[in-house]
Amino acid sequence: MTTIRAVPITADDFAPFGELLTVRPMPDKMINEGRCERHHALATVQRGGGEAIISIFRSQPVSLPYECGLLERHPLGSQAFMPLGPDAWLSVVARDDAGRPGHPVAFLVPSGMGINLHAGVWHGVLTPLDRAADFLVVDREGDGVNLEEIRIRPITITA
Ligand SMILES: NC(=O)N[C@@H](O)C(=O)O
Ligand code: NI
């Protein structure tokens with residue numbers, strides 16, 4: 001059984017898979033008579049001719065060590081997850097290797113931070129840690145098959 005350790009997520013390390021959804025060191029502009037910081041265009045919704053939709057995923061948690069044996073991707077659109085609660089969570093991703101996932105990478109995403117997965121990026125399904133959690137999800141609705149799932153040799157993800 002392959003074991004990988006979850007590592008703290010950084011913008012650079014996650015760049016091959018998408019963007020982080022978190023405030024920048026400085027806002028892009030001040031709005032609302034100076035009461036509000038706009039951290040502008042943190043990511044772009046890739047919707048491949050479909051519509052960008054907003055959903056809430058209320059997900060049961062997983063705990064570490066976590067065995068992951070299924071990855072998926074959305075070839076036609078991006079998928080963004082923004083936690084609505086205070087907990088850190090887990091994101092498992094993998095580069096593409098000739099149409100199959102390469103070595104998975106497990107990221108610990110801190111409290112209050114989201115991610116935007118680019119279209120076609122292999123990822124594990126949503127994995128809150130230890131407590132059920134709600135996430136705002138922005139992804140694509142439209143024609144075509146936008147979900148490809150693949151069974152992998154299970155990996156164990158540790159803290
Ligand atoms: N299938 C579905 O809507 N959820 C997955 O795409 C996921 O990434 O959790
Ligand atoms: Ni997905």
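Every number for a ligand or one of its atoms is a count from 1 in the order of the listing.
Each of the atoms 8 (O) of ligand 1 lies under 4.0 Å from some heavy atom of His123.
The Ni ion (ligand 2) sits nearest to atom OE2 when only the N, O or S atoms of Glu72 are considered. Taking the N/O/S atoms of His123 in turn, the shortest distance to the Ni ion (ligand 2) belongs to NE2.
Scanning the protein for heavy atoms near atom 9 (O) of ligand 1, the closest one is Leu126 N, 3.0 Å. The single protein non-hydrogen atom nearest to atom 8 (O) of ligand 1 is Gln79 OE1, 2.9 Å, given as residue, atom name and distance. The protein heavy-atom contact nearest to atom 6 (O) of ligand 1 is Glu72 OE2, 2.6 Å. Looking only at protein heavy atoms, the nearest one to atom 4 (N) of ligand 1 is Phe57 CE2, 3.5 Å.
Residues Leu71 and Val92 are in side-chain contact: their nearest non-hydrogen atoms beyond the backbone lie under 4.5 Å apart.
Within a 6.0 Å radius of CZ in Arg24, more than 12 heavy atoms belonging to other residues, nucleotides or ligands are found.
Not one N, O or S atom of Asp139 sits under 2.8 Å from the Ni ion (ligand 2).
The backbone N or O of Gln46 sits less than 3.5 Å from a side-chain atom of Ser78, completing a donor-acceptor pair.
Between Trp122 and Phe17, the ring center distance fails the sub-6.0 Å criterion.
Electrostatic pairing of Arg38 and Asp28 does not count as a salt bridge here, judged by no charged N lying under 4.0 Å from a carboxylate O.
Residue contacts with ligand 1: Gly124 is placed with no nitrogen or oxygen under 3.5 Å of a nitrogen or oxygen of the ligand (distance criterion only).
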Could you go step by step and tell me if Asp139 and Arg47 meet the salt bridge (Lys or Arg N to Asp or Glu O under 4.0 Å) rule?
CA-CA 7 Å; Asp139 57 6; Arg47 57 187 178 88; over 6 Å; no
